[in-house]
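Structure first, commentary second.
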2 protein chains.
Amino acid sequence: MGVDERRGAVLRAIVEEHIQTAAPVSSQAVARASGLSVSSATVRNDMTALERDGYVSQPHTSAGRVPTDRGYRYFVDRFADPSAIEGLGINHQRAVSEFFRGTHNALEELLHETSGLLARITQHAAVVVGPPAESARVRRVDLVPLQQGQVLAIAVLSNGAVERELLDVDPDLSIESILAAERALASLLNDSTLHSPPMPSPTGDAATDALVNAAHVALHRRAEHADPLYVGGASRIAQEQDAFATTRTAATLLELLEQQVVVVSLVRDLLESGVTVSIGAEHSIDELRDCSLVLAPYRIEGEVAGTVGVLGPTRMDYQHALAAVATVSQQLGSLLSK
Amino acid sequence: MGVDERRGAVLRAIVEEHIQTAAPVSSQAVARASGLSVSSATVRNDMTALERDGYVSQPHTSAGRVPTDRGYRYFVDRFADPSAIEGLGINHQRAVSEFFRGTHNALEELLHETSGLLARITQHAAVVVGPPAESARVRRVDLVPLQQGQVLAIAVLSNGAVERELLDVDPDLSIESILAAERALASLLNDSTLHSPPMPSPTGDAATDALVNAAHVALHRRAEHADPLYVGGASRIAQEQDAFATTRTAATLLELLEQQVVVVSLVRDLLESGVTVSIGAEHSIDELRDCSLVLAPYRIEGEVAGTVGVLGPTRMDYQHALAAVATVSQQLGSLLSK
DNA sequence: TACTAGCAGTCGAGTCTACCGACTGCTAAT
DNA sequence: ATTAGCAGTCGGTAGACTCGACTGCTAGTA
């Protein structure tokens, strides 16, 4: 076995051991656990080399080594097999299957529950990004008068999502005008996507036209900037006492998840560049310095529709997380494709 | 000033000081801050009496006093004026007004954003319980076929809420049957509440009847057990380092909020018995032993429709929290009443 | 050249001690 | 009834010390 190969094995042992124990890993522990039959002294030599190259670091002089972001990266690229669904364990596999075999409600709830499932099996916070409303076709449009001067515009999309916007209208607007607007909207939008920009489409009646336009604009706007984020198991972040040492960071993390927007765009950016594992400082958001993100897109009828992901400390079980997101995304996709 | 009166003042000073400093309060501090002109020795005597009666306690022998749940209770009952909206401060008042003057979307979003507002001004986690769907009238019912064998049932309620359930149906069901079912449902439900139990209503066609019934049952079930909880500022819980000493409790708290159901029923129970402030162990849920809950119902057209509340450590600023929930609930109610 | 054994050195973490200071409780005086 | 003053209690902090888990290095071996 060449020396480079052995160093890889040493790094692997360090990562695996550290993931298990959460403590710096000593040369002895590696010599014992790696399966290599070399002495701890040899491991020590390799460790200094690994440290020189930036794969591991020492918290302080007389301590074992801890993987750096770069070390984790090497480990993931080299040793983690994303297709290894067997990394899940039979119990979790069964849990996933059962979950998706059960009955579910409209899209939003399914996605929310999926994030809970993923959190449960990975023991980390989980995120699910829904399919963008853009790609779904409009199945129905309603304009429902709620009270004087208020109309609720509702669009039902082919994927089961329901977009709605409250509109303020002229209180004296007649029911007939609303109905006319509804008809006009229906013929305008049905079977098209909400993504396409609103176009004027005169019906002859000014009040009706105004309402049609307002509803169209509102629904379009919503479809534009809302692919919602579902977060499950956020409380796990608070449990990760050791990883997010200061309570401070845990709190800011939770806040970040509450705000949603940052996370959504991060996930989208990562996935667009084909990244499925983002480790520590690799992503640019400062609050996520100590976190890793393991992602998998799910496909509806072949098209990438959204993303499921796990958010945990950099010291996380990547094998397991990868297997979990792979399984869940696959099953979610096939359920949604039906 | 009688001795009982003075003891009340001492207790008040202890509570107020403790809320500010988070530390046990010494007799000197009380003598200095209470406005009473007595010596610390006198205060000490009163303190032993207060301790004997269970209003305060000593963390250890040579420490100051800390209010007990009972002490907070007395303080709230006696000194906190729930109608004291001026306890909010002009800035917060303005923030609330501006929030409600801005435009908002459908009910669910408004409530969610309201929880965020309340969290922001109180610096604690906030909850909003939505109006029960039961009381709202049905404005529209849709049955939208999504794909072979799937129909989405949608009910739009007069309060702007939209309830939906996904139904599995016979894949060969004709469009006409679905339309017929939709018409039947509309005449069955329009202007009534979802609360009333489903009744058979034969139309003559078996398949249609089955669908009508399935939709009705599903929507009714949903209206029954779903008055949803909106949680804002959950991350504040993690920030309360001192109050929820162990990370453990913070995590379980967050989990509780995620599960929703426990909190919803607690809030409902409390409000039914007219309680607006529940302190520490007063509520029976063990995980909330160190928390207080400050609630205010909001009314839509005179009827109690839901609740807004603040969830914080027992050591919280009750004055401010009371003022906040009072203002927010009042404004939320009047917005929803329109 | 590649590896190993063994030793010296480093440093964190835990324990012990002593001490300071912040309180209280009590007593005696007003 | 109130107060002043004093003695006693106890948590928290700082310093000294030890222990043990490491590493790095050097010299020796295959």
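Everything numeric in this text was worked out from a predicted model, so none of it was measured. Proteins come first, then strands; the chains are lettered A, B, ... in the order of their sequence lines, and each starts at number 1.
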query: So, is Ser62(A) near the phosphate of dT10(C), with a side-chain N or O under 4.0 Å from OP1 or OP2?
result: no

field: Ser27(B) vs dT24(C): side-chain N/O to OP1/OP2 distance below 4.0 Å
entry: yes

task: Could you check which of dG24(D), dT24(C), dT3(D) has an atom nearest any side-chain atom of Gln58(B)?
output: dT24(C)

message: Can you tell me which nucleotide in dT4(C), dC10(D), dT23(D) comes closest to the side chain of Thr61(B)?
response: dC10(D)

- request: Measure from the side chain of Glu51(B), starting at C-beta and using heavy atoms only, and say which of dT3(D), dT4(C), dG25(C) lies closest.
  value: dG25(C)

- prompt: Do Ile121(B) and Val96(B) come within less than 4.5 Å of each other through their side chains, counting heavy atoms only?
  reply: yes

Side-chain N or O of Arg6(B) closer than 4.0 Å to phosphate OP1/OP2 of dT2(D): yes

message: By the 4.0 Å heavy-atom rule, please label Ala63(A) as base, sugar-phosphate, or nothing.
response: sugar-phosphate

task: Describe, in one word, how the ring planes of Tyr72(B) and His18(B) are oriented to each other, choosing from parallel (under 30°), tilted (30 to 60°) and perpendicular (over 60°).
output: tilted

field: Nearest-nucleotide 5' precedence on DNA chain D, Arg65(A) against Ser37(B)
entry: Ser37(B)

statement: Testing dC10(D), dT4(C), dT23(D) for proximity to the side chain of His60(B), the answer is dC10(D)

message: Side chain of Asn45(A) only, heavy atoms from C-beta on: which candidate in dT4(C), dT3(D), dT24(C) is closest?
response: dT4(C)

- request: Decide, yes or no, whether a salt bridge links Asp77(A) with Arg73(A) under the criterion of side-chain N to carboxylate O below 4.0 Å.
  value: yes

query: Are Ser26(B) and dA22(C) close enough that a side-chain N or O sits under 4.0 Å from OP1 or OP2?
result: no

- request: Measure distances between side-chain N and O atoms of Arg52(A) and base N and O atoms of dG24(D), and say whether any donor-acceptor pair falls under 3.5 Å.
  value: no

query: If only atom types and distance count, is the side chain of Glu282(A) paired as donor or acceptor with the main-chain N or O of Asp69(A) below 3.5 Å?
result: no

- request: Looking only at side-chain atoms of Val38(B), point me to the closest of dT3(D), dG24(D), dC3(C).
  value: dT3(D)

